[in-house]
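Everything below concerns the one structure shown next.
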Protein chains: 2
Amino acid sequence: MDNLLKYIHSLTEFSEQSWELLQPALSKREFKKNDFLLQEGNICNSLFYIESGYCKSYYNIDGTIKNTGFFFENDIATNINSFGSEEKSEFNIIACEPLTVIVFNKQKLFEAAKQAREIEALGRSCIRLFASKQEEFSNLFKLYTAQERLNYLEVNHPSILQRVSLSQLASFLGVARETLSRIRKRRNLR
Amino acid sequence: MDNLLKYIHSLTEFSEQSWELLQPALSKREFKKNDFLLQEGNICNSLFYIESGYCKSYYNIDGTIKNTGFFFENDIATNINSFGSEEKSEFNIIACEPLTVIVFNKQKLFEAAKQAREIEALGRSCIRLFASKQEEFSNLFKLYTAQERLNYLEVNHPSILQRVSLSQLASFLGVARETLSRIRKRRNLR
DNA sequence: GTAGTTTTGTGACGATTGTCACAGGACTAG
DNA sequence: CTAGTCCTGTGACAATCGTCACAAAACTAC
């Protein structure tokens, strides 16, 4: 739980008392490769803090897998819409490696938040961070070409490129696998 | 302020007392067409609740305008990253019509939130809604072609198409103005 | 080690897109 | 009303992309 505590302290003031109050909402959990953290059609009742390994979110559109996000150590993975609105998730979250996460149980988190304002503030910070990331990636598509998006990832999020296979990366970049391969080729030539 | 109160009630429980405590953080403000709500390089210290009119967020990339968001009545416009992190905004928010907004002052909002948990929860709800929207639009680019994105907007966000000119819409859809024109043509033929 | 699977690169070809250029129509300010 | 501006459509052409097909390379499981 050490990593999580450091992560929390990087976001907000957090007393030992708040940490104690938060404990009932937390549980450590292990996933094997290809285990689901969240499945399409289910309501998302958790935030997943990733301790080790990584996972991805993806849509299954007519049998085609479309990856929409990758989550590494010290990231929070969740379906923020389903988590907040209680609507069914339209996408899946799946472990890409053996994965260790700390699960925030929604109900117990809310109970804890009622007892300590710092926990409420922590929730707000997590959601804000999540929103910032979504905004960042959303704007990539409006501002840049596929090649520029790849460059952006290399500079700003190298961990994705180091750990995710190019096949997996392609749909995240919004292009076909073959196109990503050619973008890399073009770039090496020039 | 009536619309705002209805909006708040649609998000969360909110007592009259919380409403009173919130007042010092609120101020109504008018913008003329092409007035800036937020300018590149400044820190975003406000949430803008839109009462009437609409505005847009855009990047200026080497002199080219790239629209990243449109905000209508009952939307909240802000730079969520700058608002939370105190970093300078990389984009602008500008009125596209005469605009009436209710400004949430960040500092006073935080003071009010300390005094009433309902205000804290309101902040969380606003951010969560914002995150959901970003996620939705971010995924559009990973899941769909430009034509499918246009269809999606027509079905799910018709107000954008009714009120925003096609020239303005193009960069939001991530294509050139001419391409949007051709997509519309193709669709009418088939 | 071996067989099977996954990943990556590449050729071919048609479809789509970006860019530049131009023109007509709609809108606006005086 | 008129001049200027903004918006939309379209032609031409090169660049890029998606799709299908195939093969080599890398990785896995036993």
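Throughout, a chain's letter reflects where its sequence line sits, starting with A, and its residues are numbered from 1.
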Exercise for the section: Please confirm whether A/His157 and A/Phe72 have ring centers closer than 6.0 angstrom. Expected result: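 Ring-ring flag for A/His157/A/Phe72: false, centres at least 6.0 Å apart.
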
Separation of [N] [atom2] from [X] [atom1] (nearest whole Å):
{"X": "B/Leu161", "N": "D/dC7", "atom1": "CG", "atom2": "P", "result": "16 Å"}
{"X": "B/Lys32", "N": "C/dA29", "atom1": "NZ", "atom2": "P", "result": "13 Å"}
{"X": "A/Leu166", "N": "C/dT10", "atom1": "CG", "atom2": "P", "result": "12 Å"}
{"X": "A/Lys185", "N": "D/dA15", "atom1": "NZ", "atom2": "P", "result": "16 Å"}
{"X": "A/Ile183", "N": "C/dT17", "atom1": "CD1", "atom2": "C1'", "result": "14 Å"}
{"X": "A/Arg163", "N": "C/dT7", "atom1": "CZ", "atom2": "P", "result": "16 Å"}
{"X": "B/Lys33", "N": "C/dA29", "atom1": "NZ", "atom2": "P", "result": "8 Å"}
{"X": "B/Leu180", "N": "D/dT8", "atom1": "CG", "atom2": "P", "result": "9 Å"}

Handout entry: Side-chain ion pair, B/Glu97 and B/Arg163, N-O less than 4.0 Å
Key = yes

Problem - B/Glu111 bridged to B/Lys106 by N-O distance under 4.0 Å - result: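 No, B/Glu111 and B/Lys106 are not salt-bridged.
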
Any N or O donor-acceptor pair linking the side chain of [X] to the base of [N] at under 3.5 Å?
{"X": "A/Arg184", "N": "C/dT7", "answer": "no"}
{"X": "A/Glu178", "N": "D/dC17", "answer": "no"}
{"X": "A/Arg177", "N": "C/dG9", "answer": "yes"}

Problem - Within 45° cone of A/Tyr58 ring axis and under 6.0 Å: A/Lys56 NZ or CZ - result: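 The answer is yes, since A/Lys56 meets both limits relative to A/Tyr58.
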
Handout entry: Residue B/Arg182, side-chain heavy atoms: nucleotide from C/dT17, D/dT8, D/dA12 that is nearest
Key = D/dA12

Practice task
Answer yes if B/Tyr49 and B/Leu122 sit in the same cluster of Ile, Leu, Val, Met, Phe, Trp and Tyr residues linked by side chain heavy atoms under 4.5 Å apart, and no otherwise.
Solution key: yes

Handout entry: D/dT8 phosphate, OP1 or OP2, under 4.0 Å from B/Ser181 side-chain N/O
Key =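 False: B/Ser181 side-chain N/O out of range (4.0 Å or more) of D/dT8 OP1/OP2.
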
Practice task
Could you tell me whether the phosphate oxygens of D/dG18, OP1 or OP2, come under 4.0 Å of any side-chain nitrogen or oxygen in A/Thr179?
Solution key: yes

Exercise for the section: Give one of base, sugar-phosphate or nothing for A/Ser165, where a contact means two heavy atoms less than 4.0 Å apart. Expected result: sugar-phosphate

